[in-house]
Amino acid sequence: MIDVRLLRSDPASIKASLARRGLPNLAQQIDQASNFDSRLRDISAQRDTIRSSINDLSKQVGSLRREGKDADSEKAMGESRSLGEKERLLQAEFELVNVQLRDVLLNIPNLPHVDAPNGSGDHDNPVVKGPVGLAEHFLDCQRVPHWQTATELGILDNERATKISGAMFAMQRGLGATLSRALCQFALDQNADVFEEIRPPSLVTTATLTATGHLPKFADEAYAIERDDLWAIPTGEVPLTYLHAGETLEEANLPVRLMAYTPCYRREAGAAGRDTRGMLRSHEFDKVEILAIATPEQSPELLQELVARAESLMIELELPYRIVEICTGDMGASHHRSFDIEVYAPGCDAWLEVSSVSWFSDYQARRADVRFKRAGQKGTEIVHTLNGSALAVPRVWAAILENYRQADGSVRIPDVLHPYMRGATEMRPK
RNA sequence: GGAACGGUGGCAGAGCGGCCUAAUGCACUUGUCUUGAAAACAAGAGGGUUAAUAGCCCCGGGGGUUCAAAUCCCCCCUGUUCCGCCA
């Protein structure tokens, strides 16, 4: 949520900033929010004046009774009663406008960072680093899509996954399954120096999913368990962001760094028929997420840290990668500034997004009501949140199968994963 | 799923529907005293909203009764214990 105080003091700058996203109707939504806000303040001022009178009268009733002045207390009670009716009407109006304001605010996206590049879509995302480690010529044996190699190796069984769960589910077997788990453990271990490992719930409440910005706008993307009013998480970001919801943190304890392996569930509502083969897109996948809760001052440096950590995994895995910055027209609604790490997969001849690192400024934290207190100062401020995939398992899995494929059809396992593979150093057809 | 009892300020823990503007203790801050500290004494101290040091709101959450609710009523969430079921 954007800051209503900024909405009051400088709506023009909000409009100018959001115009960079190139979305229609945003200026009208800002005006609407402004109108609701000023009405709300007007109503609450009137209501509070009346409440003040009622409070006074009630105290008078108490003391008049004690003094035995029954006639006077009856009079005060009557007065208070009629004020109460007015108060009820104003309160009803307040609640109505408050809901309207919130509905508008929840749908207004975050303001992009001044340094975020302008653009209208993903074709405008500038490559800010790399390609790194990209061979000039890939061997023919690397030009095989991972689904073909995986079938030869017997480590991917999407037909049976479909039998079990329907289309767009994946299932790895044998060393393929082990490789998925190895990637998770590797990613967690690489960040365990400063990140606390969390194993959060994968089913969350509506309030939790709203805080990250996935609701109300993107309800179609999430799996709902209606009977229990729960949602399956689309990313570990969701429970981790809400972990400190409603709390006030001490400045001295910031930044808080958390990481989690979680399954991620996505309906892929708009993507039917796209990337149907292999491991590039499915309804359920594994991911290791890293997240930071910070002061505004700490955030720019943390953004770089999170990118560097995601990047270092690709370096360790010796996969060719590049980093792109997300332009204003392609940025997620909650994002303030974002970078993607893409790995090159020679078999598909595609750059695969394996990590997305974002700074949300105070947008999510205001929705989740996470605050911090500066040492020695009164009051509190909204924290900033940042997060990124350390590693999205299926796409890295796919990239390994393509980059590490050898002439005899076997696939080498990256050195850094050997400790997690029960001694296996390669995967061969049976 | 069933039953019983709980949810109050950083913590502990009181609180007959009206001086609750929430007692008391511990912890905290500042001052006095002291070379310094401890102790003692004194004072102070939360958050939200607001232009505001005014007002309003905050005793798990939401409704209701009342002139007035931490206190009474209803619903929900949550904790502990016991029973049932279960990995």
Side-chain angles (χ1 to χ4, degrees), chain A residues 1-11 33-102 104-105 199-211 225-231 239 242-254 256 263 295 362 365-383:
Chain A
M1 235 162 8
I2 57 167
D3 188 353
V4 280
R5 273 172 277 204
L6 185 61
L7 183 68
R8 277 169 215 149
S9 62
D10 195 1
S34 290
N35 288 337
F36 285 139
D37 177 59
S38 57
R39 273 185 64 197
L40 201 62
R41 290 206 292 160
D42 185 46
I43 294 163
S44 63
Q46 291 181 48
R47 179 201 60 191
D48 290 350
T49 307
I50 292 178
R51 280 187 181 172
S52 179
S53 308
I54 292 174
N55 287 342
D56 284 345
L57 286 166
S58 295
K59 278 179 194 162
Q60 287 176 32
V61 171
S63 51
L64 288 170
R65 281 230 174 140
R66 249 171 278 131
E67 293 163 25
K69 298 178 178 168
D70 287 349
D72 289 344
S73 80
E74 283 296 334
K75 195 180 156 216
M77 280 165 65
E79 225 176 295
S80 185
R81 226 188 314 253
S82 69
L83 284 174
E85 279 164 36
K86 284 186 199 161
E87 195 265 356
R88 249 186 291 276
L89 289 175
L90 285 166
Q91 178 61 16
E93 201 181 343
F94 176 89
E95 278 163 22
L96 183 74
V97 177
N98 197 25
V99 167
Q100 289 173 320
L101 173 63
R102 191 176 160 79
V104 177
L105 284 177
R199 193 14 281 233
S202 311
L203 301 181
V204 299
T205 63
T206 298
T208 301
L209 198 61
T210 303
I225 298 158
E226 287 183 33
R227 187 165 72 167
D228 296 295
D229 194 23
L230 290 169
W231 303 79
Y242 212 68
L243 195 137
H244 287 296
E247 298 180 22
T248 301
L249 308 172
E250 295 293 333
E251 184 184 17
N253 294 331
L254 299 178
V256 171
T295 67
D362 59 4
R366 180 169 293 108
R367 286 167 168 241
D369 189 27
V370 186
R371 298 165 173 274
F372 76 100
K373 189 176 179 60
R374 291 193 192 271
Q377 286 189 28
K378 287 203 109 188
T380 57
E381 284 177 55
I382 307 287
V383 299

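This one's a predicted model, so the numbers in the text were calculated from it and none came from an experiment. Every chain is numbered from 1, with letters handed out A, B, ... down the list of sequences.
- Side chain of A:Asn55, nearest nucleotide from B:C57, B:G55, B:A68: B:C57.
- Contact annotation: A:Ser73 side-chain N/O to B:C67 OP1/OP2 distance is not under 4.0 Å.
- The partner of B:C19 cannot be assigned: no Watson-Crick or G-U wobble pair with both contacts below 3.5 Å exists in any strand.
- Relative to the side chain of A:Ser52, the nucleotides B:C67, B:G55, B:U50 differ in distance, and B:G55 lies closest.
- Remark: A:Arg51 is not in phosphate contact with B:C56, judged by side-chain N or O atoms under 4.0 Å from OP1 or OP2.
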Audit row: A:Thr205, A:Asp229, side-chain hydrogen bond (donor to acceptor under 3.5 Å, both in side chains) steps and yes/no: CA-CA 7 Å; A:Thr205 63; A:Asp229 194 23; over 6 Å; no

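- B:U24 is paired with B:A12 under the criterion used here, namely a Watson-Crick or G-U wobble arrangement in which both key atom distances are under 3.5 Å.
- Side-chain nitrogen and oxygen atoms of A:Thr380 include none within less than 4.0 Å of the OP1 or OP2 phosphate oxygen of B:G47.
- Taking only side-chain nitrogens and oxygens, A:Lys59 never comes nearer than 4.0 Å to OP1 or OP2 of B:U21.
- Proximity note for A:Lys378 (side chain, C-beta onward) versus B:C56, B:G47, B:C67: the nearest is B:G47.
- Taking side-chain N and O atoms only, A:Arg47 has no distance below 4.0 Å to OP1 or OP2 of B:G55.
- In this model, the phosphate group of B:U49 is approached by a side-chain N or O of A:Arg5 to a distance below 4.0 Å at OP1 or OP2.
- Heavy-atom contacts from other residues, nucleotides or ligands closer than 6.0 Å to CZ of A:Arg374 number more than 12.
- Here A:Arg65 does not reach the OP1 or OP2 of B:C67: none of its side-chain N or O atoms lies under 4.0 Å away.
- In this structure B:C82 sits in a base pair with B:G2, meeting the Watson-Crick or G-U test at under 3.5 Å.
- Nearest nucleotide to the side chain of A:Glu95, out of B:A51, B:G63, B:G55: B:G63.
- Looking at A:Thr208, its side chain never comes within 3.5 Å of a backbone N or O of A:Val204 through a donor-acceptor pair.
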A:Gln91 and A:Glu95: CA distance, side-chain angles, deciding distance, side-chain hydrogen bond (donor to acceptor under 3.5 Å, both in side chains) verdict: CA-CA 6 Å; A:Gln91 178 61 16; A:Glu95 278 163 22; 2.7 Å; yes

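- Considering only the side chain of A:Val61, B:C67 comes nearest among B:C56, B:A51, B:C67.
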